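Everything on this sheet refers to the single structure shown next.
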Amino acid sequence: MIELAGIVILGIFAQWLAWKTKTPAILPLIIIGLLVGPISTLFSVDGTKWIEPIWNGEKGLFPGESLFYFVSLAIAVILFEGGLTLKKSEVSNVGRVIFNLISIGSIITFAGAGLAAHFIFELSWQISFLFSALIIVTGPTVIAPILRNIPLKTNVSSVLKWEGILIDPIGALVSVLMFEFIRVEGGQDFTLTALIEFGKILLFGLTFGFTFAHILALLIKRQIIPHYLLNVFILATVLGVFVVADIFAHESGLLAVVIMGMVMGNKELPNINELLYFKESLSILLVSILFILLAANINISDLLLVLRWESLILFAIVVLLIRPLAVYISAINSDLKFNEKAFISWVGPRGIVAAGIASLFGLTLNKQGVPGAEYITPLVFMIVLGTVLLNATTARLFAKLVGVFIKDSKGILIIGASSISRLIGKYLNDNNRHVVLLDSNSDNVRKAQEMGINAIEGSVYAEDIFNNIELNDVGYLMAMTGNSNINKTAISKFRKQCGEKGSYRLITSDEMVDPENNPSEGLFSPTDDYINLMEIARKYPQIQELKLNSLEHLRGLLELIKINPESIPLFVKNPQGELSIIPAHNRDQYLTTIEEGSYLVYVGKTLEYEGEKE
């Protein structure tokens, strides 16, 4: 009981430590696992581990192979949650690169790492290529924290995010084929076995994934599942699909749950965000437990096998030669620039699937007495720990060096996707400003997306909203909902993350009555609240521009608008097309100069005021 509680407590502590230090959680998790596992044998009185994952006759948490059954089920949940976050809109420019990375890139990694392991460690070809198959994967559990903490260009983030999730079942598939090859001992029997296994995995993985995704979507839309059971019902379904698919074809369950998550994540489903929050919390708990268990399961003798100069050479070849070669070949004739390819080449940390399957296959082959099998688990863990440590400590610096780090955050986040928000968002889009709308109303989000606007269904109260890569370059915040509490919460909560260039909200009806005491973050007008803005947008559903002659011309227009209740100023647009938000408060400090050829951007009745030319 103490060991089980200790794993959960240490796992959550590691997650907190990772959040505090802005590093992938896998790093402290593996270190803690090694400390309570193999390293603890050096300090314990009886020479045993503080935490023994597998029952050894005297102590241990899991009898037989039940640890790996738990690992497999946990990985299924993690991959399903990752699949839910994959959106088709993210791959419009880099879809071919992602496909190449999980196909051509996998082949290059498989061949290159297999050759390196064979010649450096003098392992058999079978064991060498089983190792290379296991390190094909990158993994969402380690990519996500890196993307979350570094503001990257969207194309780069999209490639890394999609590759990390989609390549997991690919790596698992190749690993299973190599495992079967070792057990069958090659020859024509293997060729037939491999083809049969490959076909079965694709057939059952795709079939079960698509079928159950659509069945679940139908059940959710027709509200056949009660709301309080929705999350646990879907969890049970995911585990059931994984197990049933795996019965028909070993390891097809991984493909099935990824496909299932992708299909459901791209459907307009009610309560999908609640599902994402639940699955993310569950994934965090499972990842915390898994990495500590798998690291603790390594023996001190396994660690000594890889504490050699050959390990450093193998690691350097995988990171500095094979990964860049796979990326650059996969990105030939793509829209990715050289520096973007360089960053993607640098970031390729391995994750939970590699560690989990390596532990399972390594233990199984060791029991069968296969020569060299004892190298599988420690070598894979060496690659996992090494790549995570390297990327966690250098990714931000490397992003700045190669120029994919977003320095000037000009993107605009609009809280609320009502008709006026969509109208303004469309104008911003048409003027080459990256704008994202956030709303908990799925209908509003859908309407915005149909207009070609980036829109996210979510709540300002959600803790993980900034995990979305669409918000990487956001520097401005405009809270424009009809709920003053939501607007104020958005300002107080997101000011640091995305409002360093400016955080604004619509004034309330009470503030509108007293324009002289408007809040410093007031947006657009000191005399117009959400209701006024919506009414004017309903009557005049078009953003207008009026050329400015001078600063006095602009001030005169703003005074005219004060007495004209049917127009509201929004932005000032300079001759280069740059847009500046007009505040409701302290306009005199804001209106200090106007470039010749600028425009006043407003919504409402057409204004007629010439002003005086300078």
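Quick caveat, the model's predicted, so the values are computed rather than measured. Values below: every heavy atom of this structure, side chains too, minus hydrogens, waters and symmetry copies.
Counting only heavy atoms from C-beta outward, the side chains of Thr41 and Thr48 never approach each other to under 4.5 Å. In this structure the side chain of Arg323 never reaches within 4.5 angstrom of the side chain of Ile108, judged on heavy atoms. Side-chain contact check for Val402 versus Phe338: every heavy-atom pair is 4.5 Å or farther apart. Ile7 places a side-chain heavy atom less than 4.5 Å from the side chain of Leu61. Residues Phe13 and Ser288 fail the side-chain proximity criterion, which asks for heavy atoms closer than 4.5 Å. Side chains of Leu336 and Val327 form no contact here, defined as non-hydrogen atoms less than 4.5 Å apart. Between Phe80 and Met264 the shortest side-chain heavy-atom distance falls below 4.5 Å. Two residues are said to be in side-chain contact when any heavy atoms from C-beta on lie closer than 4.5 Å; Ser330 and Lys341 fail this criterion.
Below 30°, between 30° and 60°, or above 60°: for Phe62 and Phe70 the angle between ring planes is below 30°, a parallel geometry. Taking the six-membered ring for Trp and thresholds of 30 and 60 degrees, Phe248 and Phe208 have ring planes inclined between 30 and 60 degrees apart.
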Task: Full working for side chain to side chain contact (heavy atoms under 4.5 Å, CB included) between Phe121 and Ser311 - done: CA-CA 8 Å; Phe121 279 92; Ser311 299; 3.4 Å; yes
- [ ] Output, in order, the C-alpha distance, side-chain angles, deciding distance and verdict of side chain to side chain donor-acceptor pair (under 3.5 Å) for Lys49 and Asn297.
- [x] CA-CA 9 Å; Lys49 298 176 183 178; Asn297 195 48; 4.8 Å; no
- [ ] Begin with the C-alpha distance, continue with both residues' side-chain angles, and end with the deciding distance and a verdict on side chain to side chain contact (heavy atoms under 4.5 Å, CB included) for Ile317 and Ile313.
- [x] CA-CA 6 Å; Ile317 290 174; Ile313 294 176; 3.9 Å; yes
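Between the CG atom in Leu216 and the OG1 atom in Thr237 there is a gap of 4.5 Å [rounded to 0.5 Å]. With rounding to the nearest 0.5 angstrom, the CG atom of Leu34 is 11.0 Å from the CG atom of Leu294. In this structure, CZ on Phe212 lies 15.0 Å from CD1 on Ile259, to the nearest 0.5 angstrom. Between Ile376 atom CD1 and Leu130 atom CG the span is 4.0 Å, to the nearest 0.5 Å. Interatomic distance, CD1 of Ile107 versus CD1 of Ile329, reported as 10.5 Å (0.5 Å rounding). Atoms CD1 and CD1, on Ile32 and Ile292 in that order, are 5.5 Å from each other to the nearest 0.5 Å.
Between Val97 and Ser334 the shortest heavy-atom distance is CG2-CB, 3.4 Å. Of all non-hydrogen atoms in Arg96 and Asn333, the two that sit nearest each other are NH2-O, 2.6 Å. The shortest heavy-atom contact between Asn339 and Gly403 is ND2-O, 3.4 Å. Pro38 approaches Ala296 most closely through the heavy-atom pair CD-O, 3.8 Å. Taking each heavy atom of Ala76 and Val238 in turn, the nearest pair found is O-CG1, 4.2 Å. Nearest heavy-atom pair across Leu314 and Ala116 is CD1-CB, 3.7 Å.
With Thr207 contributing its side chain and Phe204 its backbone, the two residues share no donor-acceptor pair below 3.5 Å. No donor-acceptor pair closer than 3.5 Å links the side chain of Ser132 to the backbone N or O of Ala113. Of the possible donor and acceptor atoms, none in the side chain of His118 sits under 3.5 Å from a partner among the backbone N and O of Gly114. Checked by atom type and distance alone, the side chain of Glu340 pairs as donor or acceptor with a backbone atom of Lys337 at under 3.5 Å.
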Only distances under 3.5 Å count here; give the side-chain donor-acceptor pairs of residues 379-391 to other protein atoms, sequence neighbours excluded, each with its distance to 0.1 Å.
{"residue": "Thr387", "atom": "OG1", "partner": "Arg350", "partner atom": "N", "Å": "3.2"}
{"residue": "Thr387", "atom": "OG1", "partner": "Ile383", "partner atom": "O", "Å": "2.7"}
{"residue": "Thr387", "atom": "OG1", "partner": "Val384", "partner atom": "O", "Å": "3.1"}
{"residue": "Asn391", "atom": "OD1", "partner": "Gly348", "partner atom": "N", "Å": "3.2"}
{"residue": "Asn391", "atom": "ND2", "partner": "Trp346", "partner atom": "O", "Å": "2.8"}

Throw together a table of side-chain donor-acceptor distances under 3.5 angstrom for residues 239-247, partners on residues two or more places apart or in other chains.
{"residue": "Asp246", "atom": "OD1", "partner": "Glu251", "partner atom": "N", "Å": "2.7"}
{"residue": "Asp246", "atom": "OD1", "partner": "Ser252", "partner atom": "N", "Å": "3.4"}
{"residue": "Asp246", "atom": "OD1", "partner": "Gly253", "partner atom": "N", "Å": "3.3"}

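Aromatic ring centroids of Trp125 and Phe131 lie 6.0 Å or more apart.
For Phe43, the ring pair (Phe, Tyr, Trp, His ring centres under 6.0 Å) criterion is met by no residue, not counting sequence neighbours.
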